[in-house]
Amino acid sequence: MNDFYDALEARSPAQRERDLMAALPGHVAHAKARSPFYAGLLAEVDAAAVSSREALGALPVTRKSALAERQKAEPPFGGINVMPPGRYRRVFQSPCNLHEPQTEGPDPFRMARALHAAGFRAGDLAHNGFSYHFTPGAWIMETGLHKLGCGVFPGGTGQTELQAQALAHLRPDGYVGTPSWLKIILEKADELGLDSGSMRRALVSGEALPPSLRAWFTQRGVAMMQAYATADLGLIAYETQAEGAPLPGLLVDEGVLVEIVEPNGGKPMLDGEVGEVVVTTFAPDYPLIRFATGDLSAFLPEAPSACGRTGRRLKGWLGRADQTTKIRGMFVHPGQVGEVLRRHPQVKKARLVVSGTIGAEVMRLHAELGGAEGSADLETQIAGSLREVTKLRSEVVFAAPGSLPEDGKLIEDQRSYD
């Protein structure tokens, strides 16, 4: 597909860079003037001088991993916001008690661009498989679909049989959500003998899309494309296609400035080197400058793209800079394991091990007790705490004292990504 969402996608790389650098000084000045957080963080910075990547790279990084503590100290948004909470259209709560506002505009998360690249057009009906409760995933997709002129069935999660029935009855043109959830719905439709043949395209996010799972959808005639987005930043990058096939990597969105820096640091990495994804957005009502996502990626070498778009491409999601792990669309981080330990002082050491495959993960908390014997009752209590903290089910396995590695890890990802 060589038709573009707008003319920005066909800018020369040099023009795109000039446009981004021209926007930086005013944006930094605005953040300093209106956001209490940036007024303090950038107090000694001359905003007018931040007009190059070198100058931007000299600014401090704001880490997503530290944002929860800052929000706790200065609720609800840690002072990054430039308006009172009630002025934002929606306010979300993500795992780890992070809160994000929905910024202004008809497509506040800029997702229409990725949806257009995935083949969605005005008049299409999309089955939205993201949760509409607490977190922004469903709204990120819905606002983008509405901007394109698409209708939306707000399927959300759960009630698999009803989802399959709705698919057969409404005959949507496409799907947005996690890939594993669409697979479950389609398999339920098969089991019930329902027609799911209208489903021809999907834009998925929230979890990895292994080649084997993409091939499964391709065999069913579903063109599967990926978007990389976060609750704080909206769209960061997305897949494009040429001649019906996805192109390598993820194309950086036109509305953000992306850097790849040393993991848990701030120094820019060379093209091709793996580092942490750091993003600057230009939303005036929730400015984020050098926001470190904790995700690892790398820039692909600059080369003409077969789809005709001229932006930079990321290799894709290559892991986490910290131990945070995404399971079934939910982030699980070491602090949550620590909270379980706090609730159960009998547990002296623990490691959460994630195994299986994407969409079919098994979580096991391996727990060492301080000399006490494990019991079924304690196992149930710990499992209950873990589910309350992470919103996910997990098994609990009592480990022999001294058997867990002394490497500081609280989470170990053993999943297969083949």
Would you confirm whether [X], through its side chain, and [Y], through its main-chain N or O, come within 3.5 Å as a donor-acceptor pair?
{"X": "Glu368", "Y": "Ser403", "result": "yes"}
{"X": "Asp173", "Y": "Leu125", "result": "yes"}
{"X": "Arg70", "Y": "Gly78", "result": "yes"}
{"X": "Arg415", "Y": "Ala360", "result": "no"}
{"X": "Asp19", "Y": "Ala23", "result": "no"}
{"X": "Lys267", "Y": "Val261", "result": "no"}
{"X": "Thr280", "Y": "Arg290", "result": "yes"}
{"X": "Glu239", "Y": "Gln226", "result": "yes"}
{"X": "Thr390", "Y": "Leu386", "result": "yes"}
{"X": "Gln163", "Y": "Gly155", "result": "yes"}

Got a sec: does the CZ of Arg87 have more than 12 other heavy atoms crowding it under 6.0 Å?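 Check fails, neighbour count at 12 or below.
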Mark yes when over 12 heavy atoms from residues, nucleotides or ligands other than Gln15 sit less than 6.0 Å from its CD; otherwise mark no.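 For Gln15, atom CD is crowded (more than 12 foreign heavy atoms under 6.0 Å).
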side-chain contact (heavy atoms from CB on, under 4.5 Å) between Asp3 and Arg121, worked out: CA-CA 12 Å; Asp3 54 326; Arg121 296 293 183 270; 2.9 Å; yes
Quick check: Tyr88 with Phe77 (ring centres under 6.0 Å apart)?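 Ring-ring flag for Phe77/Tyr88: true, centres closer than 6.0 Å.
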Are Trp317 and Tyr228 an aromatic pair by the rule of ring centers under 6.0 Å?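 No.
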Is the Tyr175 ring parallel, tilted or perpendicular to the His127 ring (thresholds 30°, 60°)?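 Answer is tilted, since the angle falls between 30° and 60°.
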Atom [atom1] in [X], atom [atom2] in [Y]: separation rounded to 0.5 Å?
{"X": "Leu404", "Y": "Arg351", "atom1": "CG", "atom2": "CZ", "answer": "6.5 Å"}
{"X": "His344", "Y": "Leu365", "atom1": "NE2", "atom2": "CG", "answer": "9.5 Å"}
{"X": "Leu288", "Y": "Leu257", "atom1": "CG", "atom2": "CG", "answer": "13.0 Å"}
{"X": "Ile382", "Y": "Leu369", "atom1": "CD1", "atom2": "CG", "answer": "6.5 Å"}
{"X": "Leu41", "Y": "Ile80", "atom1": "CG", "atom2": "CD1", "answer": "9.0 Å"}
{"X": "Asp232", "Y": "Leu67", "atom1": "CG", "atom2": "CG", "answer": "6.5 Å"}

Heavy atoms, side chains only, cut-off 4.5 Å: are [X] and [Y] in contact?
{"X": "Ile289", "Y": "Val28", "result": "yes"}
{"X": "Leu341", "Y": "Lys348", "result": "no"}
{"X": "Arg343", "Y": "Glu388", "result": "yes"}
{"X": "Val278", "Y": "Thr293", "result": "no"}
{"X": "Leu247", "Y": "Ser305", "result": "yes"}
{"X": "Leu352", "Y": "Leu410", "result": "no"}
{"X": "Thr160", "Y": "Trp181", "result": "yes"}
{"X": "Leu148", "Y": "His116", "result": "yes"}

Within 45° cone of Phe299 ring axis and under 6.0 Å: Arg312 NZ or CZ: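 Yes, Arg312 and Phe299 form such a contact.
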Quick one: do Arg63 and Phe291 satisfy side-chain contact (heavy atoms from CB on, under 4.5 Å)? Show the steps, please. CA-CA 6 Å; Arg63 311 211 75 80; Phe291 191 75; over 6 Å; no
What I want to find out is whether Arg113 reaches Asp107 closely enough, with some N-O distance under 4.0 Å, to be called a salt bridge.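 Salt bridge between Arg113 and Asp107, a charged N being under 4.0 Å from a carboxylate O: no.
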Using a strict cut-off of less than 4.0 Å between a Lys/Arg side-chain nitrogen and an Asp/Glu carboxylate oxygen, indicate whether Glu254 and Arg110 qualify as a salt bridge.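 Salt bridge absent between Glu254 and Arg110.
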Please tell me whether [X] and [Y] have a donor and an acceptor in their side chains that are separated by less than 3.5 angstrom.
{"X": "Thr240", "Y": "Arg313", "value": "yes"}
{"X": "Tyr132", "Y": "Glu142", "value": "yes"}
{"X": "His99", "Y": "Ser94", "value": "no"}
{"X": "Thr310", "Y": "Glu9", "value": "no"}

Among Glu361, Arg328, Glu207, find the one that has a side-chain hydrogen bond (donor to acceptor under 3.5 Å, both in side chains) with Ser180.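 Of the listed residues Glu361, Arg328, Glu207, the side-chain hydrogen bond (donor to acceptor under 3.5 Å, both in side chains) partner of Ser180 is Glu207.
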Does the pair Gln93 and Thr135 meet the rule for a side-chain contact (heavy atoms from CB on, under 4.5 Å), with working shown? CA-CA 6 Å; Gln93 179 173 302; Thr135 57; over 6 Å; no
Chi angles and distances behind the side-chain contact (heavy atoms from CB on, under 4.5 Å) call for Gln414, Glu412: CA-CA 6 Å; Gln414 296 181 350; Glu412 182 178 357; 3.1 Å; yes
Apply side chain to side chain donor-acceptor pair (under 3.5 Å) to the pair Ser196 and Arg220, showing each step before the final yes or no. CA-CA 10 Å; Ser196 60; Arg220 296 186 67 110; 3.3 Å; yes
